[in-house]
Amino acid sequence: MENTKDTTMEKVVSLAKRRGFIFQGSEIYGGLAGAWDYGPLGVTLKNNIKRAWWRMFVEERDDMYGLDAAILMNEKVWEASGHTGAGFTDPLVECEKCHKRYREDHLESTEKCPECGGKLGEKKDFNLMFETKVGAQGNAKSYLRPETAQGIFVNFKNVVDTMRPKLPFGIAQIGKAFRNEIAPREFLFRTREFEQMEIEYFVYENDWEHFFEEWRIRIWNWIDVLGLSHERVREVDVVGNDLAHYSKKTIDFEYDFPGKGFDELSGLAYRTAHDLESHIKGSGQRLVYTDAEGKTTVPHVIEPSFGLDRAVMAVLTQSYTEDNLGKDTRVFLKLPKDLAPVKVAVFPLMKNKPELVAKAREVYEEVKKIIPNSMFDDNGNVGKRYRRQDEIGTPWCVTVDFDTLEDNTVTLRNRDTGEQERIALSALIAELH
Ligand code: ATP
């Protein structure tokens with residue numbers, strides 16, 4: 001059985017489409033660059049990842065507060081944060097011959113067009129924010145937010161005033177972000193509309209190194225929840241020009257995407273008090289924390305930041321497995337059970353035997369009571385159904401046959417080993433519980 005280092009991304013993209021995980025955005029009109037749609041199984045996988053994240057980083061902790069801020073914000077937010085200025089641009093170059101545009105820092109040669117060999121023009125700073133107009137008069141400028149983080153900073157005071165948290169504490173948010181990427185590419189890796197899962201963790205300045213280290217470990221715990229193998233994840237210290245001017249330390253967590261190599265999955269940044277200070281200056285409000293003695297401080301910030309779509313892409317590529325059976329190859333997604341979109345599939349052995357179908361339905365209803373993400377399938381033959389469930393990563397298949405009618409036992413098949421065991425229905429229900 002082999003997984004996946006040499007798996008080509010094409011196989012994953014093709015499976016994702018064939019099995020209803022991910023479709024090209026606006027496909028029937030020829031698509032739209034940098035936009036992808038999540039199909040029935042994709043949205044469930046994505047929701048399962050979000051839920052696991054929220055549980056681990058918000059619900060299971062006493063020092064974390066959730067937030068869902070608006071995507072459209074007052075334009076002054078983006079002036080204060082530096083996004084309207086030079087801080088949020090990518091270097092754009094255009095070929096003078098074929099007029100194709102590139103991100104200069106992604107090119108091997110900054111002289112020649114990689115497509116046609118033509119001469120590349122002068123580098124320009126291209127701002128990545130999508131601008132929009134608000135209101136019937138359209139005279140208020142706004143932007144689709146390019147990150148969720150600023151929604152957290154502008155609500156810092158609201159959370160402090162309403163929840164009375166003790167420092168250190170964090171605010172977490174999951175939501176859409178938009179960037180007019182110069183060259184969206186590589187499936188879900190670089191899109192123009194994507195989802196982020198971000199935390200701003202507020203600390204006393206002196207404690208930043210301690211909490212930076214704590215969050216570094218927690219990110220590894222999260223990598224385990226995603227089922228990513230540690231050999232395919234590495235930490236990279238961001239240095240030099242890549243390090244934001246306000247950040248004293250940033251680590252990128254990179255995943256080894258097949259056919260692409262290591263690239264950023266998540267980031268961990270110590271952002272000093274830069275963001276709150278900027279909004280204090282921009283808004284004139286006192287964004288401070290007051291301790292029990294009445295001493296005030298502007299907290300410093302540790303920011304763990306996660307790309308949800310990149311997580312989906314990493315989970316799909318990591319779990320894609322080909323099992324060589326000699327005469328053919330069994331393809332399956334070895335998804336962590338918590339993340340699998342369908343947990344249990346129930347089949348009648350044959351679909352043209354009403355008594356089997358009725359019994360299978362009955363078993364299915366029982367199973368569904370315990371595990372809502374279950375599925376009934378009587379299409380095609382049992383072999384084909386197993387293959388279909390393998391490809392969507394269903395951990396267990398339950399088959400109802402003639403013996404079930406006699407002795408209330410079923411066949412339980414394990415996705416990863418392909419092994420089948422005979423098990424009493426009551427034991428199955430107890431086990432699923
Ligand atoms: P990159 O260097 O790859 O452009 P970034 O450093 O600008 O990314 P951040 O601003 O740190 O990214 O964003 C936080 C997270 O959001 C990233 O770790 C990544 O997972 C995700 N992300 C950023 N841009 C995109 C995008 N265009 N498409 C999908 N996910 C993205």
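Note that this is a predicted model, so its numbers are computed, not measured. All ligand and atom numbering here is 1-based and tracks the order in the structure.
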**Report entry** Identified side chain to side chain donor-acceptor pair (under 3.5 Å) counterpart of D390 within the set R385, R330, R415
**Finding:** R330
Query raised in the report: With distance as the sole criterion, is a donor-acceptor pair present between the side chains of N221 and D224 under 3.5 Å?
Result: no
Query raised in the report: Do F88 and W78 have ring centroids that are under 6.0 Å from one another?
Result: no
Report summary line: min-distance protein heavy atom vs atom 4 (O) of ligand 1 -> R190 NH1, 2.8 Å
**Report entry** Nearest neighbour in protein (non-hydrogen) for atom 21 (C) of ligand 1
**Finding:** G307 CA, 3.7 Å
Query raised in the report: With backbone taken as N, CA, C and O and side chain as the heavy atoms from C-beta onward, which portion of P184 lies under 4.0 Å from ligand 1: side chain, backbone, both, or neither?
Result: neither
Report summary line: the protein heavy atom lying closest to atom 19 (C) of ligand 1 turns out to be R310 NH1, 3.4 Å
Report task. If you have a sec, work out which protein heavy atom is nearest atom 28 (N) of ligand 1 and how many Å separate them, to one decimal? Result -> T191 N, 3.0 Å
Report summary line: re atom 13 (O) of ligand 1, the protein heavy-atom contact at minimum distance is Q196 NE2, 3.4 Å
Report summary line: Quick note on ligand 1: atoms under 4.0 Å from a heavy atom of E181 include exactly 24 (N), 26 (C), 27 (N)
Report task. Check whether any heavy atom of L265 sits under 4.0 Å from an atom of ligand 1. Result -> yes
Query raised in the report: What residue and heavy atom of the protein are closest to atom 18 (O) of ligand 1, and at what distance?
Result: E264 OE2, 2.7 Å
Query raised in the report: Is it true that the side chains of S142 and E75 contain a donor and an acceptor less than 3.5 Å apart?
Result: no
Query raised in the report: Is a side-chain donor-acceptor pair under 3.5 Å present for Y246 with D275?
Result: no
Query - Close approach, R179 and ligand 1, non-hydrogen under 4.0 angstrom - result: yes
Query raised in the report: Are Q318 and Y255 linked by a side-chain donor-acceptor pair shorter than 3.5 Å?
Result: yes
Query raised in the report: Does a donor on one side chain and an acceptor on the other come within less than 3.5 Å for Y204 and H300?
Result: no
Query raised in the report: Are Q150 and H279 linked by a side-chain donor-acceptor pair shorter than 3.5 Å?
Result: yes
Query raised in the report: For atom 22 (N) of ligand 1, which protein heavy atom lies nearest, and how many Å away is it?
Result: F194 CE1, 3.5 Å
Report summary line: Quick note on ligand 1: atoms under 4.0 Å from a heavy atom of S305 include exactly 14 (C), 15 (C)
Query raised in the report: Is the NZ or CZ atom of R310 both under 6.0 Å from the centre of the six-membered ring of F189 and within 45° of that ring's axis?
Result: yes
Query raised in the report: Can you find a non-hydrogen atom of F189 under 4.0 Å from ligand 1?
Result: yes
